[in-house]
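Below is one structure, written out as structure tokens; comments come after it.
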There are 2 protein chains.
Amino acid sequence: MKKRITIKDIAKELNVHHSTVSRALRNDPRVNEVTRDAVLAYAREHEYQTNMNAVQLRGTSNNAIALIVPNINHSFFSDIVSKLTNLAYSKGYVISVFQTNEKYQQEKEIVNTIIRHNFAGVIVSIAKDTVNSDHFGVLSKFGIPLVFFDRICEDVPTPKVKINNYEITAKATEYLIKKGYRNIAHLTATTSINVFRDRENGYLDMLKKYGLEYQQPIMVQDDFSIELGKKLLSGLWNMPVKPDAIISSSVHMTVGIMLEARKSGIRIPEDLGLITFGSLLSSEIIEPQVTCIEQPEAEIAEISFDLLEKMISHEIEIGKSIEKTVEAEIIFKKSC
Amino acid sequence: MKKRITIKDIAKELNVHHSTVSRALRNDPRVNEVTRDAVLAYAREHEYQTNMNAVQLRGTSNNAIALIVPNINHSFFSDIVSKLTNLAYSKGYVISVFQTNEKYQQEKEIVNTIIRHNFAGVIVSIAKDTVNSDHFGVLSKFGIPLVFFDRICEDVPTPKVKINNYEITAKATEYLIKKGYRNIAHLTATTSINVFRDRENGYLDMLKKYGLEYQQPIMVQDDFSIELGKKLLSGLWNMPVKPDAIISSSVHMTVGIMLEARKSGIRIPEDLGLITFGSLLSSEIIEPQVTCIEQPEAEIAEISFDLLEKMISHEIEIGKSIEKTVEAEIIFKKSC
DNA sequence: TCTATCTTTGCACACGTTTGTATTTTGCTC
DNA sequence: GAGCAAAATACAAACGTGTGCAAAGATAGA
């Protein structure tokens, strides 16, 4: 096990000062060509690697970006994580991914970790649990660039990338109404998060517009899951007035709904219309194919990264509120 | 925008030396109780956060772990990434996730990045492209703990966590044979990776054992995808001797195969038996439900992390070869 | 040869921590 | 209050790098 070679080791070996080596490695024109080549050759030979801790400590530069998401293994987030990671890599940044598991407490500790490690910037989609945004305020206070995407903190002045959840849910609801569905339920999560609040409002406003009384926005506390979807449908089916359509905020729940429907002999779309947020890898195979609301993951990743990069390079000042909205799209299939 | 508070700022404010503050923050018994409380109070008050760059530069400690995977948005890897991230978090580590996109070049650069940033340890599943393992050798040479999982470099002496690919593929093949299938094709990837080589050998050996001639291990170069699955099945179906069963190394391809089969009127399992590695979120809904080989993601994550942790704490010496094998499981369904 | 300019290198300090050692302060005993 | 041990604090060096400034060396013009 060899010890890592440093700039001083090279300097000693080549009988120059370590500052000269430093300059040589960074192609500073002030250093003579022959010494530079000697340094570079020696460095390559001995597999020299800059110690980023020293560089960052000195405050010269920092190419580390942190990414905070509720889950890594939900396709919406894993797609964005994957795209952001590639984007960052192509621009010379290094991305660290953190997972809150939807817990406020973990999110807070993660933010502290990020501050401790001097990341150059942070991209976040907040946890369902998160009610207080102080921890993100601290980030900005310390001058660390911050961009929210999808699930955002309204009260933190910083760039935000949102999806048109209100409009798209209203549109989905109206589509169901026009197809003749009257008792439309909405399976969603806590309204303390903009995403779910917007969806709920789009849903409710559209029902109101058409004078429909059956309002069933169901705020679930638990994590979206197949089991939860099953349970919710069987619960709804035991109510005095059954729903005749469902808008589901998660593919996981949607799968559960379909399984429970099949088990209970509920026919889709005849007995129950179905629209879901998100899409499945296997969506084409499933019968009936489900009408779904596709979210533009690639666009979100690109815009978010672009905003963060501009903050890092001071093109956008820290603490400036910018809101970008990207558009989701309804893919019409056979489930309603 | 406030500047970050440092240990020296606290010292100046409280009229003590910064070394005393350092000890106070780390609960060193040598520092008086009242000064310690004063320091802690002031630190909390002003949101002091340790500068990990300084700590790590000094070489005292390092709680950063790097994770290298080919893709983040494939369920096998995203599950493992998710579990490892949680595991690491619960033990006080911070995980950075890197994605190679199956490219050797990116993998090499990522390893250099990891060395530059002084990570405490690395967990890797290598890219399909990776033929040379020198870059991982460098890691060990610098004394950085390294654990391989699933896709490993055989020639790097370090702990490895593998799946019993040979046995499980042999078992799957034998199952198909006993069900009466005779022309079994195997859709897989480059044999330069242990995973795919083991599967191929398990497949071939079992065919040989039963004296079957039809051997069709198809090594695909491209990334596994739905489109590729479609193309492969239609290609196979145009051959003089059609396969009557397929073992697929990826759920993506499997979805493509099923779509193409449906389009071309190929009945599963009557005309074509099907077994796939991996499982789908929606696997229960798909008709027919596919017999699949489930890989123990949680177990892999746990064992890998455990090994790495033991290397970091010097319970396992760097450069020691340890091989653990975990068992995949065939979930029998209706597709064969 | 002297001075002026340019090129190249060296010096020293700073970034924020930790830690071994030296120094001061406190508390105790007689 | 002197003496001494124990407790608390201060000092200094180190980790590896980057950079402003000084110094030395080279070149050129007169």
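A quick note: this is a predicted structure, and the numbers were derived from the prediction, not measured.
A/E102 has a carboxylate O that lies under 4.0 Å from a charged side-chain N of A/R151, or vice versa, which qualifies the two as a salt bridge. Checked for salt-bridge contact, B/K162 and B/E323 meet the test: a charged N lies under 4.0 Å from a carboxylate O. The pair B/E309-B/K91 meets the salt-bridge criterion, with a side-chain N (NZ, NE, NH1 or NH2) lying under 4.0 Å from an Asp/Glu carboxylate O.
Looking at A/L14 and A/Y42, their side chains come closer than 4.5 Å, going by heavy atoms from C-beta outward. Counting heavy atoms from C-beta outward, A/H117 and B/N63 have side chains that approach closer than 4.5 Å. Put simply, the side chain of B/I123 reaches to within 4.5 Å of the side chain of B/L84, judged on heavy atoms.
Rounded to an integer number of Å, the gap from A/R58 CZ to C/dC13 C1' is 9 Å. Counting to the nearest Å, the P atom of C/dT21 and the CZ atom of B/R23 are 12 Å from each other. The interatomic distance linking A/Q56 (CD) with C/dC15 (C1') rounds to 12 Å, in whole Å.
Under 3.5 Å, the side chains of B/R4 and A/N118 contain a donor-acceptor pair of N or O atoms. Between the side chains of B/Q106 and B/T100, no donor N or O sits under 3.5 Å from an acceptor N or O. Checking B/E154 against B/N194 by side-chain atom types alone, no donor-acceptor pair falls below 3.5 Å. Side-chain polar atoms of A/Y89 and B/Q99 form no donor-acceptor pair below 3.5 angstrom.
Within residues 25-37 of chain A, the residues approached by DNA chain D to less than 4.0 Å at the level of any non-hydrogen atom are A/R26, A/R30, in residue-number order. Contact check of residues 111-119 of chain A against DNA chain C (heavy atom, cut-off under 4.0 Å) returns no residues at all. For DNA chain D, no neighbouring residue in residues 39-55 of chain B is found when judged by any heavy atom under 4.0 Å. Of the residues in residues 10-20 of chain A, A/H18, A/S19 come within less than 4.0 Å of DNA chain D through at least one heavy atom, sorted by number.
From B/I152, atom CD1 reaches atom CD1 of B/I193 across 10.0 Å, with rounding to the nearest 0.5 Å.
Counting any heavy atom pair closer than 4.0 Å across all strands shown, B/S22 reaches a base atom.
Running 5' to 3' along DNA chain D, contacts with non-hydrogen atoms of chain B at under 4.0 Å begin and end at D/dA8 to D/dG16.
Ring-plane geometry between B/Y93 and B/F305 is classed as perpendicular, the angle between the planes exceeding 60 degrees on a 0 to 90 degree scale with a lower cut at 30. In this pair, A/F98 and A/F119 present their aromatic rings perpendicular. The plane angle is above 60°, beyond the 30 to 60° band.
Annotation: B/F136 is in aromatic contact with B/F148 [ring centroid separation under 6.0 Å].
For B/E302, the side chain to side chain contact (heavy atoms under 4.5 Å, CB included) partners at least two apart in sequence or on another chain are B/L87, B/A298.
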